[in-house]
Each structure stands twice: as C-alpha cells, then as structure tokens.
Colleague: 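Structure below; questions to follow.
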Amino acid sequence: MTERIPEADNFIEEFIVEDLKNGKHGGRVHTRFPPEPNGYLHIGHAKAIVINFEIGKKYGGKTNLRMDDTNPSTEETHFVTNIENDLRWLGYEWEGETLYASDYFGELYEFALRLIDKGLAYVDDSTVEEIAQQKGDIDRPGTNSPFRDRSITENRDLFERMKAGEFPDGSKVLRAKIDMAHPNLLLRDPVLYRIKHEAHHRTGDAWCIYPLYDFAHGQSDSIEGITHSLCSLEFRHHRDLYNWLIEALEIFPSRQIEFARMNVDYLITSKRKLKKLVEEGIVAGWDDPRMGTLAGMRRKGYPPLALRNFCLRTGVTKRDNQQEYDLLEHNVREVLNDTADRYMAVLDPVKLVLTNYPADQVEMLTAERQPETEGSPALTEEALPFGKELWVEREDYQKEPQNRKYFRLAPGKDVRLKSAYIIHVSGHEEDADGVVTQINATYYPESRSGNDTSGVSAKGTIHWVAVREAIDLEVREYDKLFTDPTPMDHEDRDFLEFINPSSLQILAAKGEPALAKAQPGDTFQFLRKGYYTADPDGTPGKPVFNLTVGLKSGWKG
RNA sequence: AGACCCAUGGUGUAAUUGGCAACACUCCAGAUUUUGGUUCUGUCAUUCAAGGUUCGAGUCCUUGUGGGUCUACCA
C-alpha cells in the first residue's frame, strides 16, 4: 500500500501529517464532533463540524458524532434529533451510530475507581464554597482540603456509597489529587464526579453520580480511539488535565489540539443570548432567519455548500478572528448565482399601463430560468404572461431623474421590459400628495424579446409582472439583527441595546404565476432584487418568501 | 498580578520552513451584459515596537507593547 499523505493546509493538519509520518496510531486518523445536547447548533458549531469532518475525510479517517451528555439537568433528547438533522443538512454523515458519553458511564465509573486505587483521587465532603476557597487565586496557591488524605479504602467505600445513592446532592464529590499550588488552576484537585439525584435523558435513574466534563470528554475520546481531539482555544488549560488523566489511567492517548473559534460580524453564538432572543420574543424562534443558528440559516435559504465554503475558506488558526458579514454573503451569492432559477417579482408594485396595447390581449412569452453558467447560456423555458397592465417596481420610476446615467423608467425614456418589449414612457398620474399612482407608456410591437427588429435601443432593463395573472406574495425582508457588528463586545452595554429595530419588513409583493409552485426551501432569484427562499409559513394560494441575500448593486444614484 | 496562547493590508488567510510578502472578501475605476446581477481587467492597501543573529529575517533570539484565556459540583 503506497499511501500518499495529503499536504497540510493549517497547523492542525501539520500535527496530523507529523503523526502520520511517525506512524502514530498506525496511520489512523479519527476525529469527532462532540456537542452537548442542550441547545441548537450555530455558525460557530458549523466551523467545528467542518474542521472535524473535512480533516477526517482528507486523511482517510473517520469522524464520530458524540453527544456530550454528562449533565442530566440541561440535556434533552429532542436536541439530539435536531443536531443530527443539522449535521446531515450541512452535508456530513458520521461514522456509525450517534454516540453518547452517557453510554460510557459504567467505564467512567471504573476509571474513577482506578484513580482511587492509585491514590490519585479522593472523596471530599467540602461544600462548593469551601472548594472554591481552597482553590486559591490566580496568583495565590490553594490549600489542601481537610479530606485530602483519606485512605484508599475509605475513598473507595465512600465513592461506592455515593454511587449507591446514600448521600444527598452536593454533600460529597470525587476530586483528583494533583497539586493545590499548581499554576494551572484546573489542576488544583479538580472535581471529577458530583452527586445529582436526577433522571438522565438516556440512562434514566440508573445513576445519581455524574462525571464532569474533564472526566468524561477526554475519556470518551480515549474509549472511541479518537486520535485527534479538536476543540476551541478556551480548552487550552484543560489539555493539561486531559493529558494528566490519560497518563494516570493509562488509557488510549488521544491528542487534544485547540483552534480559534470563528466569530462572524452581526451574529452571536452564545447559547444563553440566543435563548434570550427567543424567550423575549425578539425573534420568532430558534429557526428565525435572523438567528445565527443552522436552523435559522437553513430557513433563510443559505445553501449548505455556501456555509461549508465559508468555514473552509476562513481557515484554521489560533488567533482570535472576526469574519466580515460580507464574506459570508459572498459565499452565499456565489452558490446561489449558479443554482437558483430566475423569476420576476415586484416587491413594491405600482401599475404601468401600455396605452397602445390591446386591452384584452394576453401574450405568452418565454423567459430564461436557469442561470447562465460557463459555456452554457441561460436556458429558455416556461411561459410568462404579458398584458396591457403590468406591475413594476416603484423605485424603478423617477419623475425627474437627476443622474444622467439613470437608465430606468422616467418620462421620455426607452426601457426594456425583461424578456418582453421595449417601452417608451409617456408620463404618470399622481395623487394629491404627489405619490405616483400609475405610469403610462407605449410599447414597440417589433421589439419583442428574441426577435427584436425595432431598431430601438434601451439602456435599462427592468422586471415586471402582468397584473391580471400576478399572484400575491408575502415577502419577508430580513436585515441584520443588530446595529453593531459585535454587540457582545461592549462591557458597559447590554447586547439587546443593539437590536436593529427594522430587521424584518413584511412586503405585499406581486409575483409571476409560475412562483405558485414553490415548495418550502426552494430558492429563486427574483430578478434584479435578490435570492429568496420559500418559507414553510406559505400556503398554496399565497407563498411566503424570505430574503436570503440581496443582489449586489453597482448603481450609485 | 501568575500561567498559558496570539500578533502579516479595512477583514480573514498564505508565504516552498531563513531567499522578490501573495490569495480571497471589501472599496474604487473600466470592459461586457436584455438582471445597475454574473463574468473579465485594473487600482489602492500589509509584516506591533526596539535591539540582536545572518550575505539575507514576516519567519530565529531577547526585551517591550497590545490582545485573549484560566480561579463552575457547566460543557
């Protein structure tokens, strides 16, 4: 077998390549994504998912999905299903079944016993406050617990009785016996097990003692034979404990490597804050398109490929980073430009009447739907009704344009109606307030799209919808949820002070009839406006569309 | 303040591990365009500071500066 090791693209892969070259673990690479099933996945998780799964894929390895469910108080099964859905949607399939740290409770308990037997763990009767007190300070060594020197026999007995349910919550914990003066506070006799007489979402009442993160995560990695355990920077200090436990327990040496989590402008990734947005009714739910959750971005219409590209292209390093919103949106547009079919919808309609067009005539034109891709022009398909009365965009009309380079509707202008005719604008009617109520124009009968013999040239092209055949659309125009790119970074102000009051505008729009077939999740480009995705709230009679991302506009009028 | 981590255009990431600092996004300008979209071309802009090693330093060393993380019976 001649194995070629792929070239490393970042420092984590450099470590992996190094391990591979040294023949470590027999050339095996095994990563994992270990969410806690107590909330919804967000863009930050997406980054971790992409890193873990892509590395697994790249180096011929495997990636597990493991629920880090060691705290019965906060975890629920329905989150598990959600996480699985999000992962599949993102485009990843994990190795085998979904795994659970709680499946290892038995082994973990044995590990604890092993530690006790080695004199490396003890049962402590101190209270939470006392333990915090003993911990010392950042520049003050801690002090030993009065229970630190219990005999192995006594520790074993006490721990077994903890498990048997003889003691109430909080009365005892199991602690590792390391060094109360260690510069890394995590090694000052960390708590390994706590008593919680609570039912667990999977193990039910089988246990009343539960391991803490530091005594569950690394051990789960070991049990699963994870070779590279990738996590975010804030776990750096845990690595010392992670390694200490591997040595003490003499178990499979998984290697923890930390990378910087991804931050994105205008998006928050704090579970607690996300929850607050939902609970205070600031957003419609966890899947509100303004949320940085995967569910929200899915509903907004972000293609999974765009998210993967975004995560991949922003790289993997150890420095704090703040990604620009523009880059996220660029990745979304890039994918959608290649994949979204094109339709016309008028978001802010005003009536346009073609005075020289027969009143009862309806013409079926053809429109280009598929986007033009390299080498193949846009395909022409699907009928598009045209008539005397049309809806056009209010902002596409100006009574007296100031800019000489304005090419859209205005008195005296010739403008192309996309896929239809060129028209000559004669003028408009307005109400007492000067608001335009109708635009009048004539059309050039020989200028029909596809066989234009009129000789008329129009600089501008606008979208439109035939009044009689138009269907009603509810269009939800989403904007950024916050007015500040980093609402969490203000020590003196709460992030809720930066809520964008106009992050959602609901529009009564007019769409071409073909749009009636839209299924929830379908994304289209509304010509000249943006990409819109059909929302589950829509009904057959009245589709609802969410703004996924707007088109860029080079117009600086 | 102790330990640990980090520092390259506006943002993010590269630089064959000591050999002409580049790519993407953004901005701006132009070409093409029946979407003021896409595509194409071009412009502006970068190594935290000081010292040292070296023919040569973004890269190695020292000191400093700035930022981050850590004192939950959460993960």
Colleague: Mind checking if A/G450 touches a base, just sugar-phosphate, or nothing, with heavy atoms under 4.0 Å?
Modeller: base

Colleague: Which atoms form the tightest heavy-atom contact between A/G301 and A/T533, and what is the distance?
Modeller: CA-OG1, 3.2 Å

Colleague: When the distance from CD of A/Q525 to P of B/rU38 is rounded to whole Å, what number comes out?
Modeller: 10 Å

Colleague: If anything within 90° of 0 is syn and all else is anti, what is B/rU63?
Modeller: anti

Colleague: Measuring from the side chain of A/P183 (C-beta onward, heavy atoms only), which nucleotide among B/rA75, B/rA3, B/rU71 has the closest atom?
Modeller: B/rA3

Colleague: Is any N or O donor-acceptor pair between the side chain of A/R416 and the base of B/rU34 shorter than 3.5 Å?
Modeller: yes

Colleague: Between B/rU38, B/rA3, B/rC5, which one does the side chain of A/K552 approach most closely?
Modeller: B/rU38

Colleague: So does A/R342 reach the base of B/rU35 with its side chain, donor to acceptor, closer than 3.5 Å?
Modeller: yes

Colleague: Kindly point out which of B/rG37, B/rC74, B/rA3 is positioned nearest to the side chain of A/E36?
Modeller: B/rC74

Colleague: Using a 4.0 Å heavy-atom cut-off, does A/S126 contact any base of the nucleic acid, only the sugar-phosphate backbone, or nothing at all?
Modeller: base

Colleague: Answer with base, sugar-phosphate or nothing: what part of the nucleic acid does A/D326 contact at a heavy-atom distance below 4.0 Å?
Modeller: sugar-phosphate

Colleague: For a quick check of understanding: with a heavy-atom distance under 4.0 Å over all strands, which category does A/S449 fall into, base, sugar-phosphate or nothing?
Modeller: base

Colleague: Whether the side chain of A/H463 and the base of B/rU35 hold a donor-acceptor pair under 3.5 Å is what I'd like checked.
Modeller: no

Colleague: Tell me whether A/R308 is salt-bridged to A/E334, with the criterion being a basic N under 4.0 Å from an acidic carboxylate O.
Modeller: no

Colleague: Using a heavy-atom cut-off of 4.0 Å across all strands, would you classify A/F407 as base, sugar-phosphate, or nothing?
Modeller: base

Colleague: Hey, is the main chain of A/H228 close enough, under 3.5 Å, to the side chain of A/R255 for a donor-acceptor pair?
Modeller: no

Colleague: Nearest-nucleotide wise, let me know which of A/K271 and A/E234 is further upstream toward the 5' end of RNA chain B.
Modeller: A/E234

Colleague: Scan residues 190-200 of chain A against RNA chain B and write down, sorted by residue number, each residue with any heavy atom closer than 4.0 Å; if none is found, say none.
Modeller: A/V191, A/R194, A/K196

Colleague: Taking A/R194 first and then A/D169, would you say they form a salt bridge - that is, a charged N and a carboxylate O separated by under 4.0 Å?
Modeller: no

Colleague: How far, in whole Å, is B/rC20 from B/rC5 if one measures between their P atoms?
Modeller: 30 Å

Colleague: Between A/R342 and A/E368 (salt bridge meaning N to carboxylate O under 4.0 Å), is one present in this structure?
Modeller: no

Colleague: I want to confirm an ordering. Mapping A/D452 and A/P35 to their closest nucleotides on RNA chain B, which one lands closer to the 5' end?
Modeller: A/D452

Colleague: Can any side-chain N or O of A/S419 pair as donor or acceptor with the backbone N or O of A/A367 at less than 3.5 Å?
Modeller: no

Colleague: Only stems of 3 or more consecutive Watson-Crick or G-U pairs count here, both distances under 3.5 Å; name the ones for RNA chain B, or none.
Modeller: B:2-7 with B:65-70, B:10-13 with B:22-25, B:28-31 with B:39-42, B:48-52 with B:60-64

Colleague: Considering only atom P, compute the distance from B/rG37 to B/rU26 and round it to an integer number of Å.
Modeller: 12 Å

Colleague: Could A/D103 and A/R202 be called an ion pair, given the rule that one side-chain N must be under 4.0 Å from one carboxylate O?
Modeller: yes

Colleague: So, are A/R416 and A/D452 salt-bridged, with charged N and O less than 4.0 Å apart?
Modeller: yes

Colleague: In whole angstrom, give me the gap between the C1' atoms of B/rA15 and B/rU69.
Modeller: 29 Å

Colleague: Classify every nucleotide of nucleotides 11-16 of chain B by which part a protein heavy atom approaches to under 4.0 Å, writing B for the base, S for the sugar-phosphate alone and - for neither, in 5'-to-3' order.
Modeller: SSSS--

Colleague: Applying a 4.0 Å non-hydrogen cut-off, can you work out what A/L212 is touching in the nucleic acid: base, sugar-phosphate, or nothing?
Modeller: sugar-phosphate

Colleague: Return yes if a side-chain donor-acceptor contact under 3.5 Å exists between A/Q322 and A/D265, otherwise no.
Modeller: yes

Colleague: Please report the distance, rounded to the nearest Å, between CZ in A/F215 and P in B/rC74.
Modeller: 16 Å

Colleague: So what does A/K529 touch, heavy atoms closer than 4.0 Å: a base, only the sugar-phosphate, or nothing?
Modeller: nothing

Colleague: Would you kindly check whether a donor in the side chain of A/E368 faces an acceptor in the base of B/rU34, or vice versa, at under 3.5 angstrom?
Modeller: no

Colleague: Name the nucleic acid region contacted by A/R408, choosing base, sugar-phosphate or nothing; use a 4.0 angstrom heavy-atom cut-off, strictly under.
Modeller: base

Colleague: Distance check, P atoms only: B/rG18 and B/rG58, in whole angstrom units.
Modeller: 13 Å

Colleague: Under 4.0 Å between a side-chain nitrogen and a carboxylate oxygen: does that hold for A/R261 and A/E234?
Modeller: yes

Colleague: How far does the P atom of B/rA75 sit from the matching atom of B/rU62, given to the nearest Å?
Modeller: 39 Å

Colleague: Checking contacts here: which listed nucleotide (B/rG2, B/rC25, B/rU69) is nearest the side-chain heavy atoms of A/H237?
Modeller: B/rU69

Colleague: How far does the P atom of B/rG19 sit from the matching atom of B/rG12, given to the nearest Å?
Modeller: 26 Å

Colleague: Under 30°, 30 to 60°, or over 60°: which ring-plane class applies to A/H217 and A/Y242, parallel, tilted or perpendicular?
Modeller: tilted

Colleague: With sugar-phosphate meaning primed atoms plus P, OP1 and OP2, does A/S73 contact a base, only sugar-phosphate, or nothing at under 4.0 Å between heavy atoms?
Modeller: nothing

Colleague: For B/rG42 versus B/rU47, give the span between their P atoms, rounded off to a whole number of Å.
Modeller: 24 Å

Colleague: Would you indicate what A/G170 reaches in the nucleic acid, counting non-hydrogen atoms under 4.0 angstrom: base, sugar-phosphate, or nothing?
Modeller: base

Colleague: Side chains of A/D341 and A/Q525: do they bring a donor and an acceptor to under 3.5 Å?
Modeller: no

Colleague: Would A/D189 and A/R148 pass as an ion pair if we require N to O under 4.0 Å?
Modeller: yes

Colleague: Using 0.5 Å steps for rounding, measure from the OG1 atom of A/T461 to the CG atom of A/L417.
Modeller: 9.0 Å

Colleague: Taking the same atom, P, in B/rG67 and in B/rC74, what whole-Å distance lies between them?
Modeller: 33 Å

